[in-house]
> 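Before I ask anything, here is the structure I am working with.
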Amino acid sequence: MSKLRAQVLSPSPENLKKAARHLQKGDVVAVPTETVYGLAGSAFHEGALLKIFETKERPKFDPLIVHVYWQGYGSLRSAQTAKHPSLARLGELNLTNPALLSYKAQHLAEILIRSFWPGPLTLILPKVPQVPDLVTSGLSSVALRMPRHPVAQELIQAAGPLAAPSANRFGRISPTSSGDVLRELGDRIDLILDGGPCDVGVESTVLNLSPEGKLELFRPGGTPVSDIERVTGEEVLLPRGPQAGISPGLLAQHYSPRTPMRLLPAPLRDISRDLLETLLLEPPAAGTYGLLVFQGDPELAVQQFQEKSGKQAFGRVLSRSGSLAEAARNLFAELRTLDSSGAAIILAEPCPTTEGLGHAISDRLRRAQHSRN
Ligand code: TXA
Ligand code: MG
């Protein structure tokens, strides 16, 4: 990597003010959220938006999430008349415009916001003209979320709504600590606010709310679909077929380590010697293997793998006890560790369930797979 220029700052009141000034003049700042770190810029500043795309090398067809702050549904209307300029700008996002959303859709938006904000749920809603086309890649909808992390909340209150994708280079693993951001973008940005390791560890669930009130999942994430269905009493439609046209970020390969990675069909202990041999026949068959063990004792998994395959391996575990929340929290950091371990190939055990957080974990593991770059 070329020379690091980023400063990693503790979220003291002075540093938050400094970050807010940076944002207000159209610069970008890396900000902690409860899901992953974001690369934030003012949602209404075209220059800042351009910097986000450039810094990440992100194609402009992939729209950004706008991070907002408000204390309860309904106060959005009063935000329009608020004295504080950043809150007045929030009013421009105008969620409750009956011309854009049917009564049913407004009702669902209210339930979802009350139940899941602040938190890892991004809602896609019809957009109003004040939202720059750069944010939405020209789509007629806008993605909104209120993060739960106090540092993100304070910054939004000080600097107004923030557009923020995950603070990684396009297609790479999302950062879940300030150190990860430094390694990803430290040569390209000035400020990284350190808010500690991310609590959730996978990105927000992206849910489309159509004007008629249909709920469609665009990306599984930190808010389980079953929770959304329980509070709304509505079915969440799951994506069918390629999603690239609908949610441009949902490209098949995403979140990838540099090292080639394969998702195993079963946990290592259940894979026979013969099956392992077939799996390992594919190149590169030489060199050390990096094992991403889902649960249990990683040393035991490495030992079993070495006995069955006769190959050297190095193992990391997502959650010894098999907790999905812990596995999600550790997922990206452990993928990074294996990626920089010098392994020739990463073999990942599958998540034992696709329920709850298992949906997002399985999705990220599947997308991280690739044979070569
Ligand atoms: O947890 C998160 O959501 C993190 C933190 C920083 O908030 N952000 C994040 O942003 O993951 P990003 O840009 O990496 O992913 C946003 C996803 C992309 O897949 C994008 O295509 C989709 O949301 N998206 C954004 N606006 C959309 C829109 N109007 N219609 C459809 N999909 C949209
Ligand atoms: Mg991302």
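Counting starts at 1 for both ligands and their atoms, in listed order. The figures that follow rest on heavy atoms only: side chains count, while hydrogens, waters and symmetry mates do not.
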> Would you say I124 touches ligand 1, if touching means a heavy atom closer than 4.0 Å?
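It does; at least one heavy atom falls under 4.0 Å.
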> Mind listing the protein N/O/S atoms less than 2.8 Å away from the Mg ion (ligand 2)? Waters don't count.
S166 OG
> At under 4.0 Å between heavy atoms, is it the side chain or the backbone of E34 that contacts ligand 1, or both, or neither?
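No part of E34 is near ligand 1 at this cut-off.
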> Flag yes if L338 and L300 sit in one hydrophobic cluster, no otherwise; membership is Ile, Leu, Val, Met, Phe, Trp, Tyr, and two members link when side-chain heavy atoms are under 4.5 Å apart.
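No, no single cluster joins them.
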> In a table with atom names and distances, give each donor-acceptor pair under 3.5 Å that connects a side chain of residues 342-361 to protein atoms at least two apart or in another chain.
from: E349; atom 1: OE1; to: F294; atom 2: N; distance (Å): 2.8
from: E349; atom 1: OE2; to: L268; atom 2: N; distance (Å): 2.8
from: T353; atom 1: OG1; to: E355; atom 2: N; distance (Å): 2.8

> Please, which pairs that meet salt bridge (Lys or Arg N to Asp or Glu O under 4.0 Å) have at least one residue in residues 324-348, sequence neighbours excluded?
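Found D180-R336, E184-R336, R316-E334.
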> Are I65 and V68 connected, step by step, through hydrophobic side chains (Ile, Leu, Val, Met, Phe, Trp, Tyr) whose heavy atoms are closer than 4.5 Å?
no
> Pull out every atom of ligand 1 sitting under 4.0 Å from any heavy atom of T35, numbered as shown with elements.
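It comes down to these atoms of ligand 1: 1 (O), 2 (C), 4 (C), 5 (C).
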> Indicate yes or no: does an N/O atom of E203 lie under 3.5 Å from an N/O atom of ligand 1?
no
> Within a radius of less than 6.0 Å around NZ of K51, do more than 12 heavy atoms belonging to other residues, nucleotides or ligands occur?
yes
> Less than 3.5 Å apart, any donor N or O on the side chain of T35 or R148 sitting next to an acceptor on the other?
no
> Provide the number and element of each atom of ligand 1 under 4.0 Å from a heavy atom of R58.
12 (P), 13 (O), 14 (O)
> Give the atom numbers and elements of ligand 1 that come within less than 4.0 Å of a heavy atom of P165.
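Those qualifying, in numeric order: 10 (O), 12 (P), 13 (O).
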> Might you point out which heavy atoms bring P175 and C198 nearest each other, and give the distance in Å?
O-SG, 4.4 Å
> Would you say NZ of K25 has more than 12 non-hydrogen atoms from neighbouring residues, nucleotides or ligands within 6.0 angstrom?
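Atom NZ in K25 is packed in, count exceeds 12.
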> Among pairs that include at least one residue of residues 29-46, which meet salt bridge (Lys or Arg N to Asp or Glu O under 4.0 Å), considering only residues two or more places apart or in two chains?
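Residue pairs with at least one partner in residues 29-46: E34-R145.
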> Taking only heavy atoms of H67, which atoms of ligand 1 are found under 4.0 Å from at least one of them?
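Near H67, the atoms of ligand 1 are 5 (C), 6 (C), 7 (O).
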> So if I apply the side-chain hydrogen bond (donor to acceptor under 3.5 Å, both in side chains) rule between E110 and each of H107, Q106, R114, which one comes out positive?
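Result: among H107, Q106, R114, R114 is the only option passing the side-chain hydrogen bond (donor to acceptor under 3.5 Å, both in side chains) with E110.
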> Counting only heavy atoms closer than 4.0 Å, does ligand 1 sit against the backbone of R219, its side chain, both, or neither?
side chain
> Find all atoms of ligand 1 within a distance of less than 4.0 Å from any non-hydrogen atom belonging to I65, and give their numbers and elements.
3 (O), 8 (N), 9 (C), 10 (O), 16 (C)
> Taking R262 for the side chain and H370 for the main chain, is one N or O donor matched with an acceptor at less than 3.5 Å?
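Checked: no pair found.
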> Pairs of nitrogen or oxygen atoms closer than 3.5 Å, one from D62 and one from ligand 1: do any exist?
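Among all N and O atoms of D62, at least one is under 3.5 Å from an N or O of ligand 1.
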> Check whether the ring centres of Y289 and F314 lie less than 6.0 Å apart, and answer yes or no.
no
> Are any of the N/O atoms in T33 less than 3.5 Å from those in ligand 1?
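It does not: no N or O of T33 is found under 3.5 Å from an N or O of ligand 1.
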> I want to confirm something. Looking only at heavy atoms, which of G38, P32, A164, A152 is nearest to atom 8 (N) of ligand 1?
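Minimum heavy-atom distance to atom 8 (N) of ligand 1 goes to A164.
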> Sub-3.5 Å donor-acceptor pair from the side chain of R364 to the main-chain atoms of A368, do we have one?
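Answer holds: no.
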> With a cut-off of 4.0 Å, which atoms of ligand 1 are near a heavy atom of L139?
28 (C), 29 (N), 30 (N)
> Does S141, backbone or side chain, put an N or O under 3.5 Å from an N or O of ligand 1?
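Yes; the residue has a nitrogen or oxygen that sits under 3.5 Å from a nitrogen or oxygen of the ligand.
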